[in-house]
Amino acid sequence: MSSVVLDVEHNDVHSHDDHHEHHGNFWTNYVFSYDHKVIAKQYLISGILWAIIGGGLSLLFRIQLGFPEANLEWLRPLLGDWITESGKMDTTFYLAAVTMHGTIMVFFVLTAGLSGTFSNFLIPLQIGARDMASGFMNMLSYWLFALASVIMLASLFTSTGPASGGWVIYPPLSALPQAVSGSGIGMTLWLVSMVFFIASSLLGSINYISTVINLRTAGMSFAKMPLTIWSFFITAVIGILSFPVLFAAALLLVFDRSFGTSFYLSDIYIQGELLEHSGGSPILFQHLFWFLGHPEVYIVLLPALGLTSEVISTNSRKPIFGYRAMIGSMLGIAFLSFIVWAHHMFVSGMNPFLGTIFMFLTLIIAVPSAVKAFNYITTLFRGNIVFTPAMLFSIGLVSLFISGGVTGIILGNSALDIQLHDTYFVVAHFHLVMGSAAFFGMMAGVYHWFPKMFGKMMNSGLGYVHFWLTFLGAYMVFFPMHYIGIAGFPRRYYSFTNFDAFSTFADLNAFISIAAIVTVTGQFIFIFNFFWSMFRGKNAPLNPWGSNTLEWTTPRKPGHGNWPGALPIVYRWPYDYSKPDADKDGFGDFIPQDVPLSKTMESNTDEERVLAQLDSDLQKLGEEREKNPFI
């Protein structure tokens with residue numbers, strides 16, 4: 001009891017005078033703000049802008065792939081000299097578009113836009129904190145991300161073009177500025193941008209972990225935290241352990257490019273000239289890159305799964321099935337993600353015995369992934385499902401997660417991966433399980449928490465249209481890619497017209513491009529709905545979805561400090577939906593986390609009745625704090 005009281009006092013020590021009457025000017029309130037909610041919105045808006053750029057680039061190279069013989073002169077006003085005199089897309093620009101699409105979508109949209117937005121917005125609100133542990137670090141994290149964005153955006157407009165070595169930037173291509181135009185200043189800016197991006201991610205992750213550990217309100221034990229917070233917490237730990245490795249890899253690459261070192265280069269000729277490099281190995285870079293690259297899959301995916309857990313339980317009106325198993329599966333995925341990186345390198349000359357070990361470890365990760373999928377399905381089973389747009393996107397995520405997971409088992413097998421490596425089968429796999437699934441989680445989060453972010457409701461009708469267009473589009477784009485991938489279509493090729501073996505699939509390739517164009521264009525429905533609803537949408541009720549978690553106990557638009565009075569006290573876990581006899585206690589089909597067990601005696605379990613006395617004491621404490629916030 002005493003420790004709980006101390007927690008409240010510690011958490012609330014900087015709350016009242018500092019937060020209730022917060023004054024500032026436009027710059028401190030909306031630009032260089034320390035408020036986690038403002039920073040979350042900054043990440044979200046930035047992520048949307050980056051998604052427009054990243055999605056637009058994918059349209060450009062899909063037009064080239066689907067219609068390789070078409071005259072693209074009509075794109076000259078947009079691409080300028082990147083359209084050749086013959087009306088074709090420049091091959092260098094094509095490779096750059098593929099590279100920048102991958103970079104932007106993985107790091108700037110699905111990492112910063114998804115994790116940055118919802119970690120910042122939900123962590124303090126769902127654990128009952130006034131703000132992040134360090135508001136200054138939080139603000140600095142966003143502006144380092146903004147600086148990284150400006151530098152990456154500038155690389156699109158360099159005379160030699162942006163980086164074109166693929167989003168994995170493998171040396172030696174990326175290490176030799178004179179190799180191709182896409183290895184020039186554009187690659188340098190790519191590396192500099194990533195340095196700032198990594199610094200931003202590390203600052204953010206440290207802040208998330210510190211906040212979750214130190215600023216949970218009274219009663220919010222780890223066993224009562226929403227799965228969203230667990231997912232953000234575990235994701236932050238993964239980021240702290242893996243991003244520094246990419247930082248080191250990028251730094252050594254800069255040395256090779258600019259200072260004549262040979263970490264990744266050895267005995268290489270270029271344009272007939274023997275370069276003064278010896279002793280290095282490009283394989284070293286692959287090891288370093290994929291030590292981040294594979295955990296990055298879960299840095300993107302775990303927050304989406306956390307958001308989905310919350311949305312599915314709320315809109316199924318059922319407790320999440322296997323709460324502890326869900327936490328255990330996330331911890332298992334996090335651990336295994338660090339020891340499976342080399343399955344990306346089965347064709348790099350790896351010892352077959354070592355490959356077998358990595359294959360075994362890779363296939364094991366299917367177990368915790370299957371646990372999550374099973375728990376989502378069993379939560380939905382016999383639920384009183386409310387099909388909100390957020391719920392549809394969450395169910396869509398589960399579908400894509402399963403589909404992409406099955407193909408992941410195929411690629412985890414070294415013998416099969418060697419055959420399918422660098423084909424469209426791989427492209428289809430990771431776009432389903434990582435790209436599309438994470439994007440669906442992000443959309444579910446936006447539709448579900450938009451009322452709390454902006455105090456307005458999004459238009460549901462437009463949300464349904466957006467979902468079905470995106471869901472069907474994702475399968476129409478990526479499902480056929482498995483087929484052409486098995487047929488041997490290699491990724492990153494500019495054109496397949498010179499290969500008779502691929503001419504059979506020309507129509508299917510065009511179909512994929514048309515589906516991609518329709519799907520990406522359809523996202524403007526969401527963008528219109530988002531910005532229109534922000535200003536013209538209906539005012540949101542306090543708890544529009546009937547959720548249990550603490551963020552719905554704040555005012556409609558929570559101000560600085562989140563709660564105007566004392567911090568809420570937590571008495572129960574976050575998934576008390578449709579509890580037997582809860583209606584007799586006057587709470588219908590859900591009981592919020594801040595309702596004491598002593599108020600729900602009819603619906604309590606035997607164990608909860610024992611705890612009711614403790615709840616009663618905590619309730620008295622809360623009432624006393626409402627009367628006198630300084631005790």
Side-chain angles (χ1 to χ4, degrees), residues 1-9 11-12 125-128 216-230 309-310 312-327 375 378-379 381-386 541-555 563-629 631:
M1 180 69 184
S2 60
S3 62
V4 172
V5 175
L6 286 175
D7 282 345
V8 177
E9 292 175 345
N11 200 355
D12 214 24
L125 285 174
Q126 287 199 335
I127 67 170
R216 284 169 290 121
T217 190
M220 180 62 82
S221 65
F222 278 97
K224 290 179 181 174
M225 285 201 311
L227 290 173
T228 44
I229 303 302
W230 270 106
S309 303
E310 184 73 21
I312 283 181
S313 181
T314 299
N315 290 287
S316 295
R317 313 311 296 167
K318 280 181 64 182
I320 195 80
F321 184 86
Y323 172 78
R324 293 180 187 277
M326 293 286 258
I327 297 170
N375 286 8
T378 46
T379 303
F381 183 66
R382 292 187 175 180
N384 186 17
I385 298 175
V386 182
L542 280 177
N543 190 356
W545 318 120
S547 297
N548 289 342
T549 41
L550 293 181
E551 72 271 27
W552 304 105
T553 65
T554 63
W563 285 268
L567 292 173
I569 297 174
V570 169
Y571 300 92
R572 58 183 73 234
W573 77 319
Y575 302 108
D576 263 350
Y577 293 106
S578 299
K579 203 167 184 180
D581 296 325
D583 55 336
K584 295 180 181 176
D585 291 314
F587 287 95
D589 69 345
F590 74 102
I591 308 174
Q593 279 191 283
D594 62 340
V595 174
L597 294 170
S598 57
K599 289 189 176 180
T600 58
M601 295 307 290
E602 290 285 344
S603 55
N604 284 350
T605 63
D606 292 340
E607 183 182 355
E608 288 170 339
R609 289 192 181 92
V610 174
L611 296 173
Q613 184 58 46
L614 175 61
D615 282 355
S616 180
D617 295 339
L618 286 171
Q619 186 183 4
K620 291 178 182 176
L621 171 65
E623 292 171 353
E624 290 173 3
R625 288 182 68 84
E626 286 184 3
K627 296 176 183 176
N628 183 4
I631 64 172

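Just so it is clear, the model here is predicted, and its values are computed rather than measured. Only heavy atoms go into these numbers, but all of them, side chains included; no hydrogens, no water, no symmetry mates.
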Within this structure, what is the [atom1]-[atom2] distance for the pair [X] and [Y], rounded to the nearest 0.5 Å?
X	Y	atom1	atom2	answer
Leu567	Met220	CG	CE	11.0 Å
Ile591	Lys579	CD1	NZ	5.0 Å
Gln593	Met225	CD	CE	10.5 Å
Arg572	Thr605	CZ	OG1	9.5 Å
Asn384	Asp589	CG	CG	7.5 Å
Lys599	Asn604	NZ	CG	13.0 Å

Can you give me the closest heavy-atom contact between [X] and [Y], atom names plus distance?
X	Y	answer
Leu550	Thr217	CD1-CG2, 4.1 Å
Ala582	Gly588	CB-O, 3.4 Å
Gly128	Trp563	CA-CH2, 3.6 Å
Lys318	Thr378	NZ-O, 3.1 Å
Thr549	Pro226	CG2-CG, 3.6 Å
Leu597	Glu608	CD1-O, 3.7 Å

Is there a side-chain contact between [X] and [Y], using heavy atoms and a 4.5 Å cut-off?
X	Y	answer
Leu227	Ile320	yes
Trp552	Leu125	no
Ile569	Asp594	no
Phe587	Thr600	yes

Looking at [X] and [Y], would you say the former's side chain and the latter's main chain have a donor-acceptor pair under 3.5 Å?
X	Y	result
Asn543	Gly546	yes
Ser313	Ser309	no
Ser316	Ile385	no

- request: Go through the steps for Trp230 and Phe222 under the test side-chain contact (heavy atoms from CB on, under 4.5 Å), then give the verdict.
  value: CA-CA 8 Å; Trp230 270 106; Phe222 278 97; 3.8 Å; yes
- request: Determine, stepwise, if the pair Asp585 / Ser603 fulfils side chain to side chain donor-acceptor pair (under 3.5 Å).
  value: CA-CA 7 Å; Asp585 291 314; Ser603 55; 2.7 Å; yes
- request: Answer yes when Arg609 and Glu602 have at least one side-chain N-carboxylate O distance shorter than 4.0 Å, and no when they do not.
  value: no
task: Evaluate side-chain contact (heavy atoms from CB on, under 4.5 Å) for Asn375 paired with Tyr323, printing each intermediate quantity in order.
output: CA-CA 9 Å; Asn375 286 8; Tyr323 172 78; over 6 Å; no
- request: With side chain to side chain donor-acceptor pair (under 3.5 Å) as the test, would you mind laying out the steps for Thr314 and Tyr577 before giving the verdict?
  value: CA-CA 8 Å; Thr314 299; Tyr577 293 106; 2.9 Å; yes
- request: Decide if atom NZ of Lys224 counts as having more than 12 heavy atoms of other residues, nucleotides or ligands within a radius under 6.0 Å.
  value: yes
task: Hey, can you tell me if Trp573 and Tyr575 have their rings parallel, tilted or perpendicular (30° and 60° cut-offs)?
output: perpendicular
